[in-house]
S.K.: 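Structure in structure tokens, see below.
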Amino acid sequence: MYRAVPAQVDLPALEHEVLRMWDEEDVFAASVAQSQGRPTWVFYEGPPTANGAPGTHHVEARVFKDVFPRYRTMKGYFVPRQAGWDCHGLPVELAVEKELGFSGKGDIEAYGVAEFNARCRASVLRHVDEFEAMTRRMGYWVDLDRAYWTMDKDYVQSVWWSLKQIFDKGLLVQDHRVAPYCPRCGTGLSDHELAQGYETVVDPSVYVRFPVDPASVLAQEFPGLALLVWTTTPWTLVSNTAVAVKPDAEYAIVRTADDEALVVAAELVEPLFDGTATVVRTLAGANLERLGYVRPFDYVEIPDAHYVILADYVTTDDGTGLVHQAPAFGADDLVSCRSYGLPVINPIRPDGHFLDDVAVVGGMFFKKADETLVDDLQQRGLLFRHQAYEHAYPHCWRCHTPLMYYAQPSWYIRTTAIKDQLLEQNEQTNWFPETIKWGRYGDWLTNNVDWALSRNRYWGTPLPIWRCDADHLVAVGSLEELSERAGSDVTALDPHRPYVDDVTFSCPDCGETMTRVPEVIDGWYDSGAMPFAALGYPRSNADTFATQYPADFICEAIDQTRGWFYTLMAVGTLVFDQSSYRNVVCLGHILDEDGRKMSKHLGNILAPIPLMDEHGADALRWFMLASGSPWQARRVGHSAIADVVRKTLLTYWNTVSFQSLYARTAGWQPADGAPPPAERPVIDRWVLSEANRLALEVDRSLAAFDTQRAGRLLSAFVDDLSNWYVRRSRRRFWDGDPSALATLHESLRIVTLCLAPFTPFITERVWQDLFRPTDPQAPVSVHLASWPEPVTELLDEELGGQMALVRRLVELGRAARATSGVRTRQPLGRALVSAAGWGALPADLRQQVADEINVASVESLSEDAAALVDVTVKANFRSLGARFGKQTPLVAAAIAAAPGISLVSELRSTGAAAVTVAEIGDVSLGDDDVVITETPREGWAVATDGGESLALDLHIDEELRLAGVARELVRTLQEGRKAAGLDVTDRIEVRWSSDDHDVIAALAAHGAMIATEVLALRLEQGQAAEGAFEPASDLPVRLALTRASGR
RNA sequence: GGGCCUAUAGCUCAGUUUGGUUAGAGCGCUUCCCUGAUAAGGAAGAGGUCGGUGGUUCAAGUCCACCUAGGCCCA
């Protein structure tokens, strides 16, 4: 027997009950356990950074990470799901610095690295708790108990092992390069970190005169000649070392309106001077080589410098075509200046401030110096032009300090050496949406630069490289190996700073003492290493790893293209020559209701747990999966979520509640059996066909990672089931018809299983209420059940098409009712239909149309009342266009001009008809070439759509009028029942009194029908009994009803 | 400056791969209907130059080019 399912439901409360049930029965563990030994479908959880509270965007990704593993598990796969937490890195350090009120590395050193890192560890633990709560609440099934933590000792050692592999391949190297550098954090940033931190700022855009050496030939010829140099970083002018020009570009010496001589690229004369300057000489860039000039500032010593050099990277697209060179602060500058043997002078400290002994700007923060320097140039008459320049400038993605490009030694992974391999791996990867593969991600790989791996920080995986004074290097792959080298057991050591820094050993080459290099590594490497590090491979779990690499599925938001998607592929390819994943779903961002990014600053953050406690986790999940395109940025708000709840989840619930109510009332249960489907009414066969097709199509959609299509199919089916099947079949449910009950039971079983991965809570509850109590074989949870196997014999495409026609005709009937003003409650005698396929419709389906629009009979228009009919024939362009191309309009015009009735009768009798078309002659037309619309003329209400028409005979005779009155009486009594608070199964007794002829006659003619309809045991003329309820009526009648004793 | 994505009803979005002549749904609004699931359901109406311009085609929301706006990414 089903459990009683109330019509009203509190989804969040239901979900908390289900969560309790999952806990008590340990359902997730059971699901994993029961699928052990099946083919593995590998999913990797991208570890969220355990820093700060989780947001709604975390829910989005986690919904998608949940639905596919659930689906695959139902399809018979073993889907291991290990949770993971990204523990290391700058974000955590910054949070702790803030907590402690620190303002830089000096504070940390003073505080003590050991204590600082202990704080970082504690901070991670704190935030993981919040993530776990959110994960549980939303029903994301992932193994939290065996989660990997990137700070775990085993994890760190796996990372070490992989770095040793890379080191041994010669791909991990130290180099002195100009790299983006955060002066506040005191460390360089990798390219993918850089990508996350561009901010729009206004910088000075200055054009500066660099006077040409007066002794030079050119200056002799053009006294006062100056190079015009453009820069947006005036602070680097202090370090000016050279000016670069493009060797093969044409340069011009111009004379300005103020009679000044300047050198700029010829192409830029017009944009720069707007016709106010005249070109007095042109020469190739190569001819300017080694031309000396006077530098703008002489605050620091830069020997043997300050002349024009040649560099191919210079462009003449913007600026002046002469590029100021400060080799300590520009990657290109460094390369170009090195080739001339120019010195690299850096007057800025690692904390971003000028050295104290620099004149004028000493001790100043680099960006702050801009204004002072520009003023100074102005006063000395060197400033040619000064504008505000708005552009995107890289900032530290965490602390928002403007970055410097800064020359410093760093460790790099030479990913450029494996670029082709990465591109090849990308070829073999399926991206959803596909455009990412060739677009955003492909571009990124194509422009790959070496991975700046090291960080001059504290809380991270220590770079496992030891070095001696002779610069010999050793990479260490584990604590065991370290113990061996150190000659003492350090396997119990925390492999973090500062402990690991204290371990030294003697150099195998020269015997000198080796100490660890001071750097830690980019936290993104940690997460990229998770496929093996999460298992502690190769120190443990080697066989598991063999079956769980690479992943079949990963999923994150689009910002991970340069983040995890990249590092995962790169580390996999570096270490195993193979990318770590095959299918990747790439989600769009979540926006607020107004389309703005969610941020603390705007105060438009939707905290996930309160959101789920208001609408339900299922609601939020369904919204994420089915509403709008997952790849696109989407707006989330309360009303949007409430909407999907009402539309789909509550409709589903109501159908379940309906089934429970009538099955219980009839004392029916699934085991009681029902006629085989083939012997059930056609509407049952239809809905079973649709349900089985649903299982097939949702399966297909999920296999293609298309939750949106799956969601559409599910919503449409729920709507069909509730608003067509149940509504059309209600009467049979009241009667406890086993066919109907069995059909709805089976349909609900299929849709419940298909919905289970999407909305695991409500489906679990339905499983517990309808399916588990009625089937001893049923698993204890819907999530232990298999995907519904479609019964192909039940699929009936023709029936699907026929039912669609029925529903279109019903809509036409309703439209005709509406235009005629004759309410549906008033029975009518007949309706006439003109539609292709009507003739082939089974009688049952024709009856559905008649019932739904309340007419006694529905007949074919073409067989009847031919004289009453207007026929119009229109061209079907789709078929004619293919045949006639350019001449299609001529044929269409000929069809429109032809006499409709004869054309149609010719078509109907012979299957073909001919029209005469100017310029072509006789053209033969088939059924497909025309759209025939037939409409009756007088006394009918007609509705037409897409070539199909339905006409209502509006003539109402005495009999129909009385039937209408009877229906009205039924309705009044039903409303009375409801108003009196009766149960739908209560029996009643009715007394009536009236002087009205129609009422009396209707009761006489239809009394038995009325009594049956309203469950009246007695229907008698007479005065209201004591305590009777008297419903208000629009008819001239007094009615009184009382509850009858007994059934 | 370059790349990618997006632009369809008041709002949220389908439809564009495969071109077909009245462009759909939901929400909201108005009117009506139905009601033994009822804080449901149905019908009708109002509301659209399918971002703009040009092109290809018998035919363009759909294909092509350019432009505009917004978003994301890169420099």
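Below, chain A is the first sequence line, B the second, and so on; all start at residue 1.
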S.K.: Classify the ring geometry between A/Trp431 and A/Phe565 as parallel (under 30°), tilted (30 to 60°) or perpendicular (over 60°).
M.R.: perpendicular

S.K.: Could you let me know what B/rC32 is paired to, Watson-Crick or G-U wobble, both distances under 3.5 Å, or none if it's on its own?
M.R.: B/rG42

S.K.: Write down the distance between CH2 (A/Trp444) and C1' (B/rA75), rounded to a whole number of angstrom.
M.R.: 12 Å

S.K.: Could you check whether A/Ser660 and A/Ser657, counting side-chain N and O atoms only, form a donor-acceptor pair closer than 3.5 Å?
M.R.: no

S.K.: Rounded to the Å, how far apart are A/Asp720 CG and B/rG42 C1'?
M.R.: 15 Å

S.K.: Starting at atom CD1 of A/Ile853, determine the distance to atom C1' of B/rC33, rounded to an integer number of angstrom.
M.R.: 14 Å

S.K.: Does either side chain, that of A/Asn448 or that of A/Thr416, offer a donor lying less than 3.5 Å from an acceptor on the other one?
M.R.: no

S.K.: Counting side-chain heavy atoms from CB outward, which of B/rG36, B/rA14, B/rA39 is closest to A/Tyr662?
M.R.: B/rG36

S.K.: Expressed in angstrom and rounded to an integer, what is the separation of A/Leu812 atom CG from B/rA43 atom P?
M.R.: 11 Å

S.K.: If B/rA69 has a Watson-Crick or G-U wobble mate with both distances under 3.5 Å, name it; if not, just say none.
M.R.: B/rU6

S.K.: Could you give the CZ-to-C1' distance, from A/Arg878 to B/rU62, as a whole number of Å?
M.R.: 12 Å

S.K.: Between B/rG36, B/rA14, B/rA37, which nucleotide gets closest to the side-chain atoms of A/Trp734?
M.R.: B/rG36

S.K.: Closest approach to the side chain of A/Lys886, judged atom by atom: which nucleotide of B/rC58, B/rA37, B/rA14 is it?
M.R.: B/rC58

S.K.: Under 3.5 Å, is there any donor-acceptor pair linking the side chain of A/Ser722 to the base of B/rA37?
M.R.: yes

S.K.: What's the closest nucleotide to the side chain of A/Thr888 if the choices are B/rA40, B/rC58, B/rA14?
M.R.: B/rC58

S.K.: Please report the distance separating the C1' of B/rU12 from the corresponding atom of B/rG19, rounded so that it comes out in whole Å.
M.R.: 28 Å

S.K.: Starting from P on B/rA14, measure out to CG on A/Asp706 and report it in whole angstrom.
M.R.: 11 Å

S.K.: Considering only the C1' atoms, how many Å lie between B/rG24 and B/rA65, rounded to the nearest integer?
M.R.: 29 Å

S.K.: Considering only atom P, compute the distance from B/rG26 to B/rC73 and round it to an integer number of Å.
M.R.: 36 Å

S.K.: How close or far is atom P of B/rA59 from atom CG of A/Leu890, stated in whole angstroms?
M.R.: 12 Å

S.K.: Does B/rG36 have its OP1 or OP2 closer than 4.0 Å to a side-chain nitrogen or oxygen of A/Gln974?
M.R.: yes

S.K.: Between A/Ser205 and A/Thr232, do the side chains contain a donor N or O and an acceptor N or O under 3.5 Å apart?
M.R.: no

S.K.: A/Glu852 CD to B/rG41 C1': how many Å, rounded?
M.R.: 10 Å

S.K.: Do you know which of A/Arg727, A/Arg728, A/Arg807 makes salt bridge (charged side-chain N to carboxylate O under 4.0 Å, His left out) with A/Asp720?
M.R.: A/Arg807

S.K.: Only pairs with both distances under 3.5 Å count, Watson-Crick or wobble alike; so what is the partner of B/rU22 in this structure?
M.R.: none

S.K.: Do the rings of A/Phe733 and A/Phe658 sit parallel, tilted or perpendicular, given the 30° and 60° boundaries?
M.R.: perpendicular

S.K.: B/rA37, OP1 or OP2 - any side-chain N/O from A/Arg730 closer than 4.0 Å?
M.R.: yes

S.K.: Once you apply the 3.5 Å cut-off to both distances, tell me the Watson-Crick or G-U wobble partner of B/rA59, or none.
M.R.: none

S.K.: Closest approach to the side chain of A/Arg562, judged atom by atom: which nucleotide of B/rC73, B/rA14, B/rA37 is it?
M.R.: B/rC73

